[in-house]
Amino acid sequence: MSIDKVISAAVAKAVEALYGIPVDPATIVPQATRKEFEGNLTVMVFPWVKAARKAPEAVGAEIGQWLVDNEAAVSGFNTVKGFLNITVTPTYWNGVLAAIEADEAFGTKKPEADSPLVMVEYSSPNTNKPLHLGHLRNILLGSSLANILTACGNRVVKTNIVNDRGIHICKSMLAWKKYFDGATPESTGKKGDHLVGDCYVAFDKHFKEEVKALMEQGMTEDEAKAGSPLMAEAREMLRLWEEGDPEVRALWEKMNQWVYDGFDTSYRRMGVDFDKIYYESKTYLDGKAKVLEGLDKGLLYKKEDGSVWADLTGEGLDHKLLLRSDGTSVYMTQDIGTAKQRFDDYPIDRMIYVVGNEQNYHFQVLSILLDRLGFKWGKDLVHFSYGMVELPEGKMKSREGTVVDADDLMADMVATAREVSQQLGKLDGLSDEEIADIAETVGLGALKYFLLKVDPRKNMTFNPRESIDFNGNTGPFIQYTYARIRSVLRRAEEAGMNKADYSAVSPNDKEIALIQRLGDFPSVVAEAGKSYSPALIANYAYDLVKEYNQFYHDCSILRETDENVRSLRLALSDATARTVKTAMGLLGIRVPERM
């Protein structure tokens, strides 16, 4: 049992014994005592003051004394107004450390066959452009959230919905036919998603030139855009696609495959994957059918022009279009179709959509519609709404080609990690293969950590150079501390330092603080899963390595002559390394054994 639960149970017993008040130990949540006060854990006594008919300090003193007299884990206490600061018996911490050491899966739970089934959707790219920095935040948040939910004991299905149809796809296809002279990924040496993205940018360039020329002939901007021959060709290509034209469909399949191959390469380098990928080209018809079914049941309504709508005024919203007058679907309809396919494929208990906060209204409506159309989890779907990521220079625009490409960013981060590591002498004496692996590990770790350490609900600015710093709240700082600990443990093993019994050792303040920080890990993982926040894991890892570095600075390990004390410190080092590796693994970040 964790020290928090031991104290909660003991305080509950004390309150009942002293005041006759039955208390559920789960309602008592000890917090780490603030640094300026003596003690390890703090409990608020205000809930029992009225029943006890005594001042808060008197209630705290009575409970504290009962704990000292009756609970072996408590050696002392002090009260500050309504706060009871509890000092844990020093040697008790050794048992906490031993329990951490003995638990190979410390901090995580193994999903059972009947555990809740949670589906997490992330990435959701379009097939008209490569992945960019904005996608990276989405992908890394979704992947780490899936890891965390699994560590909380859920069964998790990781899914991706690819937007592979629509006018934007036809723009890239048309530009390839008109301007790229049969270019292929093989002939250009480009990844397929990059080549298709170039086509999308080329369409926008030529479209703007047409609009400008038409405006010079006297048209307004709106008239010029509506009268653009290039846009008319793109719309005609979309019509042919909808009708299943063999030539258009063949080009669509070929160019989409180029993009899928490119995406797969990027995903592998990021270290993310999916259990199931859905394609909007295969879901929109199901969505249309589900909407028509809802219309037949009177759940939706049709206007005179044939368009189908949902009346959401009863939910405090407006009327939502689901099928246009020409029978074509909108994004909402496609999402309904995707939901139907997912519900058919899996017995989902909870559905989590990882999508930016600009889509908050969309998912509010989707939840209502899915519930109305009979999906049992519709009402409780979770929109994991995250903020936008920008560069110091400002926002990015795909069609203007000003986005930060994910592949280029990953390559730059790895190159920068190699450069900085060499300047700091952290790669001295390593082979070329080891150097390449460490540069990849540190570069991608820096990128992932920087994007994940921020509260996902906040907008953020990504600064590549700041993220690669080996000091401060960064991935490389945590990775380097892990490598340092592993070096200590290797040297201890090489020196034949066998583990001795440390149960009777009275740990000092630095050792206790580190054990206490380690003991927090399970509750941090649980809270990260509950609040959908990988940032809690990231910042816990940073706080843990800071605590370890203070311990490392003040406490000799390999030179400690007392074998039992040395064993305690080696056990602390090992537990810290394992916990850091687990925490960073939940974020999808590797840690280097040497550095």
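Just so you know, residue 1 is the first one in the sequence shown, and it goes up from there.
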Enquirer: Check Asp305 with Arg324, please: is the shortest side-chain N to carboxylate O separation under 4.0 Å?
Expert: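 Answer for the salt bridge query: no.
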Enquirer: Taking the side chain as every heavy atom from C-beta outward, state whether Leu323 and Ser329 have any pair of such atoms under 4.5 Å apart.
Expert: yes
Enquirer: Does a donor on one side chain sit under 3.5 Å from an acceptor on the other, for Asp164 and Ser281?
Expert: yes
Enquirer: Check Arg269 with Glu440, please: is the shortest side-chain N to carboxylate O separation under 4.0 Å?
Expert: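 Salt bridge flag = yes for Arg269 with Glu440.
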Enquirer: Whether Lys177 and Glu247 form a salt bridge (side-chain N of Lys/Arg under 4.0 Å from carboxylate O of Asp/Glu) is what I want to check.
Expert: yes
Enquirer: Go through the side-chain N and O atoms of Gln364 and Ser367 and say whether any donor and acceptor fall under 3.5 Å apart.
Expert: no
Enquirer: Check step by step if side-chain hydrogen bond (donor to acceptor under 3.5 Å, both in side chains) holds for Asn138 and Tyr386.
Expert: CA-CA 8 Å; Asn138 177 297; Tyr386 64 89; 3.0 Å; yes
Enquirer: Hey, does the side chain of Lys320 reach the backbone of Asp311 with a donor-acceptor pair shorter than 3.5 angstrom?
Expert: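 Judged by distance alone, no pair lies under 3.5 Å.
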Enquirer: Run the ring-centre check on Tyr353 versus Phe384 and record whether the distance is less than 6.0 Å.
Expert: no
Enquirer: Within the distance-only criterion (no hydrogens, no angle test), does the side chain of Thr127 pair as donor or acceptor with the backbone N or O of Asn256 below 3.5 angstrom?
Expert: no
Enquirer: Strictly under 6.0 Å, is that where the ring centroids of Tyr279 and Tyr284 end up?
Expert: no
Enquirer: Are the side chains of Ser531 and Leu536 in contact, using a 4.5 Å heavy-atom criterion?
Expert: yes
Enquirer: Starting from the C-alpha separation in whole Å, work towards a yes-or-no answer on side chain to side chain contact (heavy atoms under 4.5 Å, CB included) for Lys530 and Glu527.
Expert: CA-CA 5 Å; Lys530 180 180 177 181; Glu527 181 57 33; 3.9 Å; yes
Enquirer: Run the salt bridge (charged side-chain N to carboxylate O under 4.0 Å, His left out) check on Asp204 and Lys171 step by step: do they pass?
Expert: CA-CA 8 Å; Asp204 188 64; Lys171 289 177 181 179; over 6 Å; no
Enquirer: Take Leu195 and Phe180, measure what side chain to side chain contact (heavy atoms under 4.5 Å, CB included) needs, and give me the verdict at the end.
Expert: CA-CA 10 Å; Leu195 175 58; Phe180 281 77; 4.2 Å; yes
Enquirer: Is Glu236 salt-bridged to Arg239, going by a charged N under 4.0 Å from an acidic O?
Expert: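 Yes, this pair counts.
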Enquirer: Could you walk me through whether Ser385 and Asn360 pass the side-chain hydrogen bond (donor to acceptor under 3.5 Å, both in side chains) test, one step at a time?
Expert: CA-CA 7 Å; Ser385 173; Asn360 286 351; 2.8 Å; yes
Enquirer: With distance as the sole criterion, is a donor-acceptor pair present between the side chains of His362 and Asp335 under 3.5 Å?
Expert: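 Short answer, yes.
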Enquirer: Under 3.5 Å, is there a donor-acceptor pair linking the side chains of Tyr482 and Glu593?
Expert: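 Per modelled atom types, Tyr482 and Glu593 side chains form a pair under 3.5 Å.
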Enquirer: Of all the heavy-atom pairs spanning Pro534 and Ile148, show the shortest one and how long it is.
Expert: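 Of all heavy-atom pairs spanning Pro534 and Ile148, the closest is CA-CD1, 3.7 Å.
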Enquirer: Can the ring centres of Tyr179 and Phe203 be said to be less than 6.0 Å apart?
Expert: no
Enquirer: Checking Gln341 against Asp345 for the side-chain hydrogen bond (donor to acceptor under 3.5 Å, both in side chains) test, could you report, in this order, the C-alpha distance in whole Å, the side-chain angles of both residues, the deciding distance, and whether it holds?
Expert: CA-CA 6 Å; Gln341 288 193 11; Asp345 291 342; over 6 Å; no
Enquirer: Measure the CE-CG distance between Met173 and Leu240 for me, rounded to the nearest 0.5 Å.
Expert: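 Here the rounded value is 9.5 Å.
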Enquirer: Counting distance only, does the side-chain N/O of Ser325 pair as donor-acceptor with the main-chain N or O of Ser307 below 3.5 Å?
Expert: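 Not at all, since once roles are kept as given, no pair shorter than 3.5 Å links the two residues.
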Enquirer: Calculate, to the nearest 0.5 Å, the distance between atoms CE and OG belonging to Met219 and Ser228 respectively.
Expert: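 These two atoms lie 10.0 Å from each other.
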Enquirer: Centre-to-centre under 6.0 Å for His168 and Tyr200, is that the case here?
Expert: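 No, the ring of His168 stays outside the 6.0 Å limit from the ring of Tyr200, centre to centre.
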Enquirer: Quick check: closest heavy atoms across Ala439 and Arg418, and the distance to 0.1 Å?
Expert: CB-CB, 3.8 Å
Enquirer: Give me the ring orientation class for Tyr480 and Phe470: parallel if the planes are under 30° apart, tilted from 30 to 60°, perpendicular past 60°.
Expert: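 Tyr480 and Phe470: perpendicular rings.
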Enquirer: Would you kindly say whether Thr338 and Thr283 are connected by a side-chain donor-acceptor distance under 3.5 Å?
Expert: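 The answer is yes; a qualifying pair exists.
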Enquirer: May I ask you to check whether Arg590 and Thr441 show a side-chain donor-acceptor distance below 3.5 Å?
Expert: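 Side chains of Arg590 and Thr441: pair found under 3.5 Å.
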Enquirer: Does the distance from a Lys or Arg side-chain N to an Asp or Glu carboxylate O, for Asp407 and Lys191, drop under 4.0 Å?
Expert: yes
Enquirer: Regarding Lys340 and Asp344, does a basic nitrogen lie under 4.0 Å from an acidic carboxylate oxygen?
Expert: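 Between Asp344 and Lys340 there is a salt bridge, with a charged N closer than 4.0 Å to a carboxylate O.
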Enquirer: Taking the basic N atoms (NZ, or NE/NH1/NH2) and the acidic carboxylate oxygens, is any pair closer than 4.0 Å for Asp273 and Lys158?
Expert: yes
Enquirer: Indicate the atoms forming the closest heavy-atom contact of Pro229 with Glu210, along with that distance.
Expert: CD-OE1, 3.2 Å
Enquirer: According to the interplanar angle, ranging from 0 to 90°, do the rings of Phe274 and Tyr122 count as parallel (below 30°), tilted (30 to 60°) or perpendicular (above 60°)?
Expert: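 Answer is tilted, since the angle falls between 30° and 60°.
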Enquirer: Could you tell me which non-hydrogen atom of Met388 sits nearest to which non-hydrogen atom of Arg137, and how far apart they are?
Expert: O-NH1, 3.7 Å
Enquirer: So, are Lys290 and Asp286 salt-bridged, with charged N and O less than 4.0 Å apart?
Expert: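 The answer is no: the pair does not qualify as a salt bridge.
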Enquirer: Salt bridge check, Glu293 against Lys297: does any charged N sit closer than 4.0 Å to a carboxylate O?
Expert: yes
Enquirer: I want to check something: taking the side chain as every heavy atom from C-beta on, are Thr159 and Ile277 in contact at a cut-off of under 4.5 Å?
Expert: no
Enquirer: Flag the pair Tyr542 / Tyr449 as yes when their ring centroid distance falls below 6.0 Å, and as no otherwise.
Expert: no
Enquirer: Is Glu315 salt-bridged to Arg372, cutoff N-O under 4.0 Å?
Expert: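 Salt bridge between Glu315 and Arg372, a charged N being under 4.0 Å from a carboxylate O: yes.
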Enquirer: Crowded around Glu433 CD? As in, over 12 foreign heavy atoms under 6.0 Å?
Expert: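 Incorrect, the count does not exceed 12.
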Enquirer: Any ion pair linking Asp455 and Arg457 (charged N to carboxylate O, less than 4.0 Å)?
Expert: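 Looking at Arg457 and Asp455, the cut-off is met.
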Enquirer: For the ring pair Phe375 and Phe343, is the centre-to-centre distance below 6.0 Å?
Expert: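 Yes; Phe343 has its ring centre under 6.0 Å from that of Phe375.
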